[in-house]
Amino acid sequence: MLSHLAAWLSLAAFLGLAVPSVRRWGEAWVQRTGWPSALLLLLPYLLAAALSAPVVDILRVLAYLLVPTAIVHWAQPRGKASWGALLAGLTIWFPLEPELFLLPWGGKVAGPWHWFMLPEVSAPLAGDLSLPIAKMTGVLLALYLFLLYRPLEGIGYTARLTRRDGSLALRGLGMFMVAGVPVGFALRFLTWVPHWPGLGQALPALLAIYLFTGIPEELLFRGVFQNAFRRWFGEEGGLVVAAVVFGLSHLDNATPGHPVPNAAYALMATLAGLAYGWVWRRSGKITAAALTHALVDWLWWLLFGG
């Protein structure tokens with residue numbers, strides 16, 4: 001029961017902040033209460049662990065919440081993304097994927113590095129669907145920091161998608177397919193194995209990819225990283241740098257015929273990141289870029305053996 005509550009509370013906060021009125025209320029409350037309000041993000045983990053989590057794990061989650069909050073408090077002013085937002089984004093990302101950052105040293109999380117990892121707890125939503133609480137805590141922390149505590153301009157986390165946003169998302173998909181599909185076949189990264197599981201599976205899969213892959217990754221790589229990079233490298237340069245970082249973030253993902261470090265995946269993800277960044281820049285909404293992202297991943301699953 002408590003673990004179900006953890007999942008639904010996390011999902012409600014995640015989706016609710018995309019509603020402008022909810023976000024305005026949340027921002028006003030956070031501005032009144034200050035940084036201690038970040039401690040509320042410990043609640044999903046405590047509930048998912050049935051209020052019986054080891055003290056050391058509670059301390060690890062608390063540190064995970066407070067370190068990025070302190071960085072943003074001292075180094076990221078309200079408004080335009082700066083190096084403070086970039087550093088806070090990295091401290092949110094590292095504990096969720098330490099193997100990637102440790103690839104130059106073999107990618108093994110050993111010794112003291114274990115202290116930086118978050119406890120692995122899942123919370124059931126419905127049926128076989130469950131939420132990884134560590135990842136959801138990271139997403140909620142990023143939303144808390146960059147929408148409520150020190151709001152950044154231009155993130156565009158909104159449920160209000162217009163026809164133009166949909167058109168831009170589809171154009172971004174087309175741009176990637178024109179470049180990415182030939183490159184993917186040339187690298188033997190893609191194989192033509194189309195299948196159709198039926199609407200009952202295909203549409204929920206698209207929605208799940210959009211919510212739990214597209215939006216979280218676009219929040220970090222476009223809403224925070226590209227947002228910061230464009231201050232230093234300009235709009236086009238920021239788009240390219242963010243796309244390359246996004247590509248490199250896939251080096252630790254093995255695919256058939258491509259072991260870790262997976263250079264083919266990194267190149268494909270870089271091409272995709274260019275499309276996602278273009279959609280975000282033109283629409284001003286990470287939710288529009290997340291739609292392109294979700295469609296790319298969905299079509300990879302349906303048509304190309306992903």
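Numbers here simply count residues along the sequence, with the first being 1.
Among all heavy-atom pairs drawn from I133 and A123, the shortest one is CD1-CB, 3.7 Å. The heavy-atom pair separating P20 from R160 by the smallest distance is CG-CZ, 3.7 Å. Closest of all the heavy-atom pairs between L143 and L219 is CD2-CD2, 3.8 Å. Residues F229 and G238 come closest through the heavy atom pair CB-CA, 3.8 Å. Listed here is the closest heavy atom pair of E97 and S249: OE2-O, 3.7 Å. Scanning both residues, S130 and P124, for their nearest heavy atoms gives CB-CA, 3.8 Å.
A donor-acceptor pair is defined here as one N or O able to donate and one able to accept, closer than 3.5 Å; no such pair exists between the side chain of E217 and the backbone of A290. A distance-only check finds no donor-acceptor pair linking the side chain of R230 to the backbone of L239 [under 3.5 Å]. No side-chain donor-acceptor contact under 3.5 Å links S167 to the backbone of R163.
Scored by the side chain to side chain donor-acceptor pair (under 3.5 Å) test, T255 finds N262 as partners (sequence neighbours excluded). Looking at residues two or more places apart in sequence or on another chain, you find a side chain to side chain donor-acceptor pair (under 3.5 Å) between E218 and R222, H293. Looking at residues two or more places apart in sequence or on another chain, you find a salt bridge (Lys or Arg N to Asp or Glu O under 4.0 Å) between D165 and K285. With sequence neighbours left out, the side chain to side chain donor-acceptor pair (under 3.5 Å) criterion links S82 to Q76. F14 pairs by the ring pair (Phe, Tyr, Trp, His ring centres under 6.0 Å) definition with nothing, not counting sequence neighbours. Looking at residues two or more places apart in sequence or on another chain, you find a side chain to side chain donor-acceptor pair (under 3.5 Å) between E236 and R281. Among residues two or more places apart in sequence or in another chain, the salt bridge (Lys or Arg N to Asp or Glu O under 4.0 Å) test is passed with R150 by none.
Using a 4.5 Å cut-off on side-chain heavy atoms (C-beta onward), L100 and W93 make contact. The side-chain heavy atoms of Y265 and L251, taken from C-beta on, include no pair separated by under 4.5 Å. Looking at heavy atoms from C-beta onward, T292 lies out of side-chain contact with W280 at the 4.5 angstrom threshold. L17 is listed as a side-chain neighbour of L148, based on a closest heavy-atom distance under 4.5 Å. For the pair V260/N253, no side-chain contact is recorded, criterion being any heavy-atom separation below 4.5 Å from C-beta on. Using a 4.5 Å heavy-atom cutoff, the side chains of F101 and L90 are in contact.
With rounding to the nearest 0.5 angstrom, the CG atom of L248 is 6.0 Å from the OG1 atom of T270. Distance check, rounded to the nearest 0.5 Å: CZ of F146 to CG of N227 gives 9.5 Å. Between the CD1 atom in I215 and the CG atom in L220 there is a gap of 14.0 Å [rounded to 0.5 Å]. Q226 CD to F233 CZ: the interatomic distance, rounded to the nearest 0.5 Å, is 12.0 Å. Atom CZ of F185 sits about 5.0 Å away from atom CZ of F304, to the nearest 0.5 Å.
Residues E27 and R78 are paired through a salt bridge, judged by an N-O separation under 4.0 Å between the basic side chain and the carboxylate.
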Run the side-chain donor-acceptor check on residues 168-177: report pairs under 3.5 Å with partners two or more places apart or on a different chain.
none

Using a 3.5 Å cut-off and no angle test, enumerate the donor-acceptor pairs between side-chain atoms of residues 187-211 and protein atoms at least two apart in sequence or in another chain.
| residue | atom | partner | partner atom | Å |
| --- | --- | --- | --- | --- |
| H195 | ND1 | W301 | O | 3.4 |
| H195 | ND1 | L302 | O | 3.3 |
| Y210 | OH | T287 | O | 3.2 |

Can you list, pair by pair, the side-chain donor-acceptor contacts under 3.5 Å of residues 1-10, counting residues two or more places apart and other chains?
| residue | atom | partner | partner atom | Å |
| --- | --- | --- | --- | --- |
| W8 | NE1 | L125 | O | 3.4 |
| S10 | OG | A6 | O | 2.8 |

Got a list of side-chain donor-acceptor pairs under 3.5 Å for residues 37-54, not counting sequence neighbours?
| residue | atom | partner | partner atom | Å |
| --- | --- | --- | --- | --- |
| S37 | OG | G34 | O | 2.6 |
| S37 | OG | Y144 | OH | 2.6 |
| S52 | OG | A49 | O | 2.9 |

Distance-only check: which donor-acceptor pairs under 3.5 Å involve side-chain atoms of residues 64-75, not counting sequence neighbours?
| residue | atom | partner | partner atom | Å |
| --- | --- | --- | --- | --- |
| Y64 | OH | I92 | O | 2.8 |
| T69 | OG1 | L65 | O | 2.7 |
| H73 | ND1 | Y149 | OH | 2.5 |

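V22 and L145 fall into different hydrophobic clusters, defined by Ile, Leu, Val, Met, Phe, Trp and Tyr side-chain heavy atoms under 4.5 Å apart, directly or through other members. Under the 4.5 Å side-chain heavy-atom criterion for ILVMFWY residues, a single connected hydrophobic cluster contains both V55 and F116. When the side chains of ILVMFWY residues are joined at heavy-atom separations under 4.5 Å, either directly or via intervening members, L299 and L271 end up in a single hydrophobic cluster. Under the 4.5 Å side-chain heavy-atom criterion for Ile, Leu, Val, Met, Phe, Trp and Tyr, M117 and W115 are members of distinct hydrophobic clusters. V109 is connected to L118 through a chain of hydrophobic side-chain contacts under 4.5 Å among Ile, Leu, Val, Met, Phe, Trp and Tyr, so both are in one cluster.
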- [ ] Evaluate side chain to side chain contact (heavy atoms under 4.5 Å, CB included) for V224 paired with L86, printing each intermediate quantity in order.
- [x] CA-CA 7 Å; V224 178; L86 191 62; 5.6 Å; no

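In summary, the aromatic rings of F246 and Y276 are positioned with their centroids under 6.0 Å apart.
More than 12 heavy-atom neighbours from other residues, nucleotides or ligands sit within 6.0 angstrom of CH2 on W232. The local environment of CH2 in W83 is sparse, with at most 12 non-hydrogen atoms from other residues, nucleotides or ligands closer than 6.0 Å.
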